[in-house]
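Have a look at the structure below before the remarks.
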Amino acid sequence: MNGQAWLLLFEGAWTTLWISATAIAIGVVLGLAIALVRMAKVPFVDQLLVLYISLARATPLVTFVLFLFLSAPTFGINMNRNTAAIVAMTLNTAAFNAEIWRAAFLSFSREQKEAALACGMTSGVFFRRIMLPQMITTSLPGLVNEMSFLIKGSPAIAVIGIVDLTRVTNRIAAVTYDPLPPILAAALLYMLIISALLKLQAMAEKKANRLAM
Amino acid sequence: MSEHTHASDVPAVSIKKMSKSFGDIEVLRDIDLVVNKGEVVSVLGSSGSGKSTMLRCINWLEEPDRGTIHIAGQRIGVNEHAGRKMTGKELATVRAKTGMVFQGFNLWPHLSVIQNVMEAPIYVKGMPKEQARAIAIELLEKVGLADKHNAFPFTLSGGQKQRVAIARALAMSPEVILFDEPTSALDPERVGEVLTVMKNLSAEGYTMIVVTHEMEFARAVSDQVVFLEKGLIIEKAPPAQFFTNPKTERVRKFLEISA
């Protein structure tokens, strides 16, 4: 592989990285918001969210990306490829994240909440200072798992013409007639990205040991 | 906060006609209790008599069905001016005047010992961090744990955890500290260290309501002993009278078995 090929490969890696990172960042927060709303058990809204989560979890990412990109104009929404990819990946990952956050909500100890209320904390302060920090620590392994699934599923966005890290290997091979080196290089880059995530997970697990009472 | 000079002031806690049911079961019936500033009240009774529920109603962790509770003169749970239930924020303001120590310690495991103590002063009272830190160090010295201030709760013994929990309750300078069986979850050899701290607090003039099975503590430290049976206060007396000359057959039996 020559310098030109490497340059293309890094461009593809960058595309994969920034689109995935954007979807992950929004998806983690959106998942938390969905879990919060679900904990409030508002009638109708709750059923709607359950339906969304079921649909998003049951649909392959590639199908979802394609559907969103092709159907958006029908609803009068003009989306470019990148936006469609980000929206689809965000909606996909938020559904899984919502379930991870919800599990953390459900397993949180009532005793700690009582201790917080007893010394005069409002529910808001309790959530921000006591509950959320612990939920982040306990949920991080699950969230990171979902992040790595999302990144590994991200080649799906090539279906609407985005040249991501996997798609770019095709392009390089089309010129060099040697498909193996770019594929291997891409695999290496995926591993690098994922291993950074796993590092984060290991840090969280170390911190989580403190929470064992 | 040393002498009992304010006994004539507004009581620290005043409970009138308080009742509470869980479903069909009436757990508390017409509870009347006045706790003056600087007093220690021990609450005795067998399991299921309503002791803990009574304590948990005082800071509204359980909502009583009827009756009124005042903390240092302020009604808890009901906004009397507006004639409605208190909002979460209003409730929090009154709760901040009480401290609670739980049977299971209920420390926050993600925070170090000193952070557990500083948390409420900073985030409830809005106290500057440095000031909260100074107070926390002082309180940890009081409970004998200043050397553990950077430790995390999972590294502590039960007795140490409970002493941190006491320091956490003290940090808000509460009008009254509610103790819910503070030594019941401890190894026998750890009970003493917690009771010693509590005895010292009483000597310093803290107002305390203590649900306990520790007869010796109740006898030595309390100003009043209250005995609950099936949700009713059937006896309320100074310890000298309660332990030597109980009025009811039920208490006489209870003391015989506990002796």
Side-chain angles (χ1 to χ4, degrees), chain A residues 28 32-33 35-42 100-144 200-213, chain B residues 55-56 58-62 71 87-112 115-126 151-156 158 161 164-165 167-174 176-180 185:
Chain A
V28 166
L32 178 62
L36 266 169
V37 174
R38 282 210 62 199
M39 292 311 289
K41 293 206 169 71
V42 186
I100 295 168
W101 285 122
R102 202 168 69 93
F105 267 114
L106 292 174
S107 64
F108 199 82
S109 93
R110 192 176 57 102
E111 287 80 10
Q112 285 193 51
K113 177 166 194 181
E114 288 187 345
L117 295 179
C119 61
M121 289 191 193
T122 56
S123 303
V125 173
F126 158 71
F127 179 70
R128 199 161 44 84
R129 296 289 314 168
I130 308 295
M131 194 174 188
L132 188 60
Q134 294 183 64
M135 279 177 59
I136 290 173
T137 309
T138 53
S139 301
L140 215 57
L143 292 172
V144 170
L200 185 74
Q201 190 173 20
M203 274 160 60
E205 274 169 13
K206 212 166 161 189
K207 216 173 151 190
N209 288 337
R210 284 182 196 165
L211 302 185
M213 289 289 280
Chain B
L55 205 67
R56 292 163 58 82
I58 293 174
N59 64 358
W60 222 254
L61 284 183
E62 302 286 355
I71 311 288
T87 61
K89 216 170 185 170
E90 290 167 338
L91 198 52
T93 317
V94 191
R95 275 187 182 136
K97 298 181 181 186
T98 70
M100 192 168 209
V101 175
F102 299 84
Q103 184 176 346
F105 328 124
N106 303 9
L107 295 179
W108 300 308
H110 63 305
L111 299 177
S112 68
Q115 286 171 326
N116 263 277
V117 181
M118 292 163 66
E119 193 71 4
I122 293 173
Y123 294 98
V124 175
K125 279 189 174 168
F152 277 85
F154 79 99
T155 63
L156 304 180
K161 281 182 196 167
V164 174
R168 176 175 69 178
L170 295 176
M172 291 293 285
S173 320
V176 58
I177 311 168
L178 312 169
F179 290 86
D180 191 2

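Values below: all heavy atoms of this structure, side chains included; hydrogens, waters and symmetry mates excluded. Naming: A, B, ... by sequence-line order, numbering from 1 per chain.
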Quiz item: For A:M121 and B:E119, what are the C-alpha separation, side-chain angles and deciding distance, and is it a side chain to side chain contact (heavy atoms under 4.5 Å, CB included)?
Solution: CA-CA 10 Å; A:M121 289 191 193; B:E119 193 71 4; 3.6 Å; yes
Quiz item: Which residue out of A:P133, A:A116, A:G124 racks up the most heavy-atom pairs below 4.5 Å with chain B?
Solution: A:A116
Exercise. For atom CE of A:M203, decide whether the heavy atoms of other residues, nucleotides or ligands shown that lie under 6.0 angstrom number more than 12.
Key: no
Quiz prompt | Expected output: side-chain B:H110 to main-chain A:M135 donor-acceptor under 3.5 Å | solution = no
Quiz item: Which heavy atom of B:W108 sits nearest a heavy atom of A:Q112, and at what distance?
Solution: NE1-O, 3.2 Å
Quiz item: Can you name the nearest heavy-atom pair linking A:C119 to B:A120, along with the distance?
Solution: SG-CB, 3.7 Å
Self-check item: For chain A, the option from B:N59, B:T98, B:L61, B:V101 that forms the most heavy-atom pairs under 4.5 Å
Solution: B:L61
Practice problem: Answer with side chain, backbone, both or neither: which region of A:S123 has an atom nearer than 4.5 Å to a non-hydrogen atom of chain B? | Solution: neither
Quiz item: What distance do A:E114 atom CD and B:D180 atom CG have between them, rounded to the nearest 0.5 Å?
Solution: 9.0 Å
Quiz item: Heavy-atom distance under 4.5 Å between the side chains of B:N106 and A:K113, does that happen here?
Solution: no
Quiz prompt | B:L111 versus chain A, the contacting section by heavy-atom distance below 4.5 Å | solution = side chain
Exercise. Below 4.5 Å from any heavy atom of chain A, which atoms of B:F102 appear? Answer side chain, backbone, both or neither.
Key: side chain
